[in-house]
Amino acid sequence: METESSTTSAVTFVPDPGRAQDSVSLTHAELDTRARRTAVWLAERTEPGDRVLLLYPPGVDFAAAFFGCLYAGLVAVPGPLPGRYRHERRRLAGIALDARARVLLTDRHGLKEVEKWAADEGLAGLVCHPTDTEDADPDAWRPRVRPGPDTVALLQYTSGSVGAPKGVMVRHGDLQANLDSGWHSLDVQPSHRFGGWIPLYHDMGLIGLMLPGILMGNGYVQMDPMTFLRRPHQWLQLLDTFDVNFTASPDFGYELCLRRVSDDQLADLDLSRVHVAVNSSEPIRSRTVTGFIERFGTAGFSSHALAALYGLAESTLVVTSSGVSQPPYVVPADVAALERSVLRRAAPGVPSRDLVGCGSSTGLRVRIVDPDSSEVLPVGRIGEIWVSGPSVTAGYWEQAEATKATFEAHTADGQGPFLRTGDLGGLLDGHLFVTGRRKDVLVLHGRNIHPQDVEDELRSHHEELRGLHGAVFTVGGNGDPGFPESVVVLHEIRGHWGPSRMGDIASAMKLTVAREIGVPVGGVLLLRPGAVHRTTSGKVKRSAMRARYLSGALEPLLASEDPHLTAALGRPGPAEAV
Amino acid sequence: MTPGTTDVRTWLTERVATYLRRTPEEIDTSLPMTDYGLDSLTALAVSADIEDEFGLVLPPEITWDNPSVDGLSRIIDGLLAEAK
């Protein structure tokens, strides 16, 4: 990393964007010193290539620890603090075991929480160390190994359910390629400061903001994601007060600003220095994009700044980007054609759904492929998005089978290997349009939630459901304001209960999902045992169950639906007639 | 709004209704808020509003342990009475 600049801030943490004086910074020289100190501590306890968990509260210490791992020739495994959701705590334990991490780094504020979690989860051999209390001599640091482009720098655990976590192996060369192509396509200047609220265990936070800010730009400014969620205008205040030119958020962050920033708060903002605001990592809604530009244009926000981006951890981060030379490109797509997997502009008067273009490739080869026949599809057809080239990562850590299935696909005419993204999309007018996901994963507020995790959680809390099957999916959310995205839970239930008792169970199930997973449920339908369809190998047919739900073909023992959801489905009378 | 002079429940019902895009009349204040789709994001928004409005910092668990508007209002009333 660059160390010549010793006086400018490399990383800054802002506890409260309304109180700039409380911010904490490390210069490049201080960051380097701290990283060497950590590397010295680590070198005494690890072998090169060992995995190190990094579980930090928001602050400047994560950056020092991350570089410390790299200095010591180790593999960084960023993760969230365990928190209070049981689902998240178990998922994190699965990651620690899968990565076979023996050392966990945190700071003194996080130490108690991670030690309790490690004890609760039976992770006896894990050494938990707060790096902000170190006193090792930074000058004792000697590089143990020279990392090459193929040396793994970090494991990014964004895929896989609680039971089967998958760590994407991101190599030094992948990071370099992604920083070069991805971010140069967004016209990044060395004078640009990066910043935002996205946590650093998220690839968009670490690889999208922190690394380019420190390595290529004029530093990285971080705020606590909770501060943003509580008071969304403080993100925009951070951009203004700290001269942040480059920020990013999933779609819901922009949507939250639209809904929750008041006119008074808006009047105080100057967003004219924001050069890039990336919208990525969950479906990009045209209403959000156009709404944000319109509302925050009055604060100087440029329509060119909003860049729609498609990417995934398996390709390090970025695959395509719409750039900053034009406003977002929105196409009203013909709805009937979309249902036949054809992407075309709707003729006037024809039902349409606005799709936001994610631009063109930033250095990778992108193909649209029929997921069943592996044939490459032409422009205007929808299929699975396949990518290849630099910054496609080395696969999943110690998962040869999953790596082969996902990273080593070949097209029917023998091109390859390609990474299968699992996402559906098509090419039109020089843009990639993402139209859906082939996997069952629910993408909510930037989080990937696996339906089987929600189903398992419900079964572990409600004994009436144990040993039976469920299907969790989302409906709505295609831009129709009358039909927002809603989570629906179908589950088989054992025994004969009266309607009132079943109503209580359904209500308790909603509370369980809200508490343990943190998402609201729009509808719970309780079904007879055997009503949830499965494949011969026992896999729940979620999309088939979703189609039956939407068509009203299910005959639930009890349905507890949000009246707005019932109305959006166009059904008479709410099912709360239990 | 000053403690003791306001109807906390009315205020809270209005806030919750706004976030859930309902009218206050649609909210049955005795039902768990999760029945209306209260998620963790909305819970955070509500707790920030309570902080701004009443100067009370609520532990985040409260929103989960007392998931009806009535229950949460009683807690706020109690804390306000204590703070007097």
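Residue numbers begin at 1 in each chain, while the letters A, B, ... track the order of the sequences.
A 4.5 Å side-chain heavy-atom check between R230(A) and V46(B) finds every atom pair outside the cut-off.
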* Dump the intermediate steps for salt bridge (charged side-chain N to carboxylate O under 4.0 Å, His left out) on R22(B) and D562(A), then the final yes or no. => CA-CA 11 Å; R22(B) 304 281 197 280; D562(A) 182 328; 2.6 Å; yes
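Between R260(A) atom CZ and T18(B) atom OG1 the span is 11.0 Å, to the nearest 0.5 Å.
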